[in-house]
Amino acid sequence: MRELLKKRILFFGGKGGVGKTTCASAMALVASRAGKRVLLVSTDPAHSTSDIFEKPFDRDEREIYPGLTGLELDADLEARRYVDRAKAEITRMFSPAVAKEAERQIDLAAAMPGVEEVALFDRMSDLIIDRFDAYDLLIFDTAPTGHTLRLLRMPELVASWIGALSKRRRALLSLNQDIDKVRRSPEAIDPDQDPILRTLDQRREKLEQVRARLMQHNFTGFVLVLVPERLPIEETSRAAEVLRESNVNVCGIFVNRVLPDEVEGEFYRARWAQEQVYRDEIRRRFSAYPLTWIPQLETDVYGLDNLERVSALLTR
Ligand SMILES: Nc1ncnc2c1ncn2[C@@H]1O[C@H](COP(=O)(O)OP(=O)(O)OP(=O)(O)O)[C@@H](O)[C@H]1O
Ligand SMILES: [Mg+2]
């Protein structure tokens, strides 16, 4: 736990419903109580952070408690912002006729699946780069695993798109230069002065910065949350493998909703016994990672009092 508090960026990931939001929120509370300036970012469309804290989170950063700022990202809204920004950039750079056609292309692209993810990733990148110094710790509560892992692969993917776009743009510029030479026109655009290439280069630089930061093990860590059951164990194992391949540090595994040892009654004893098998399996398969065990509480975790209980369990 103390190791987690040394990080600057933490992601909480795991299968649907295992307690990602609960754990990310409890962690945010622990860190802010330890005197850190924390930004808790919810990227999950279900947005249960507001419910847990019983305070409204906003689309913009808003202080929830002293030292704890919350932010809910909405993928649809981010996609719209992203598209509007792209259009504004195009209008600035081109003549109205060209801009009109480009806008049509953007509208088409905006309707394709995946735009929300790209836009969400863009906003997270902005936070990771531009808001890094404003906080001691950024905590991302993410959507279920598959989504998040794709998100982490995004820099690679987007970088290759940008590479392809830059290449086409350069080819076009050099073609124009050749034509202009024939026509003896002085209007040829020097690739070094081209606003489009410059924008593409800036984006690539930003992506590289994000990628580097995600892979910096002393700064960034991924916490995988699971419950002691078969499917979550398998999913966690796969996720840990993918993260390792992507060179992202898995800095902890939270085993949530563990039955307390003092359970009574035949039904619970049987469940408890079954759970021991999974607990052993977790200890065996994830021995390379720091494990944190969080007991099943008798109620859902809503409201500050309950969250405090989970925070206390995290720090015991
Ligand atoms: N240790 C616990 N004891 C009791 N209830 C818990 C515990 N951890 C989480 N819960 C409850 O389980 C439910 C799911 O938790 P949570 O919303 O944190 O999961 P999630 O992984 O974020 O889900 P999703 O994938 O939908 O975002 C919530 O109702 C929460 O209050
Ligand atoms: Mg959640």
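Quick note: residue numbers are just sequence positions, from 1. Order of listing sets the numbers, starting from 1, for every ligand and every atom in it. Just so it is clear, the structure is predicted and the values come from calculations on it, not from any experiment.
Side-chain rings of Phe222 and Phe12 stay apart, their centers remaining 6.0 Å or farther from each other.
Taking a cut-off of under 4.0 Å to the non-hydrogen atoms of Thr299, the atoms of ligand 1 that pass are 4 (C), 5 (N). The distance from ligand 1 to the heavy atoms of Tyr302 drops below 4.0 Å at these ligand atoms: 29 (O). Atoms of ligand 1 found under 4.0 Å from any heavy atom of Gly16, numbered from 1 in the order shown, are 25 (O). Numbered from 1 in the order shown, with element, the atoms of ligand 1 that lie under 4.0 Å from a heavy atom of Gln296 read 3 (N), 4 (C).
An N or O contact shorter than 3.5 Å is missing between Cys23 and ligand 1 by distance. Between Leu297 and ligand 1, a contact under 3.5 Å exists for at least one N or O pair. Polar contact check, Ile294 against ligand 1: no nitrogen or oxygen pair lies under 3.5 Å apart.
Residue contact annotation: Thr21 places an N/O/S atom under 2.8 Å from the Mg ion (ligand 2).
Applying the ring pair (Phe, Tyr, Trp, His ring centres under 6.0 Å) test to residues at least two apart or on different chains, none of the pairs has a partner in residues 279-304.
Distances from ligand 1 to the non-hydrogen atoms of Gly14 include no value under 4.0 Å. For Val310, the heavy-atom gap to ligand 1 stays at 4.0 angstrom or more.
Side-chain atoms of Thr236 come within 3.5 Å of backbone N or O of Pro232 as a donor-acceptor pair. Using a distance-only test at 3.5 Å, with no hydrogens or angles considered, a donor-acceptor pair links the side chain of Glu275 to the main chain of Leu259.
If you look at Pro295 next to ligand 1, the close heavy atoms, those under 4.0 Å, all belong to the backbone. Counting heavy atoms closer than 4.0 Å to ligand 1, residue Asn256 contributes side-chain atoms (C-beta onward) but none from N, CA, C or O.
With sequence neighbours excluded, the residues that form a side chain to side chain contact (heavy atoms under 4.5 Å, CB included) with Arg269 are Val263, Trp272.
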| task | Applying side-chain contact (heavy atoms from CB on, under 4.5 Å), run through Leu226 and Ile282 and close with a yes or a no. | result | CA-CA 10 Å; Leu226 81 162; Ile282 289 170; 4.1 Å; yes
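To the nearest 0.5 Å, atoms CG (Asn218) and NZ (Lys7) are separated by 7.0 Å.
Relative ring orientation between Phe140 and Phe11 is described as parallel, the plane-to-plane angle staying below 30° on a 0-90° scale split at 30° and 60°.
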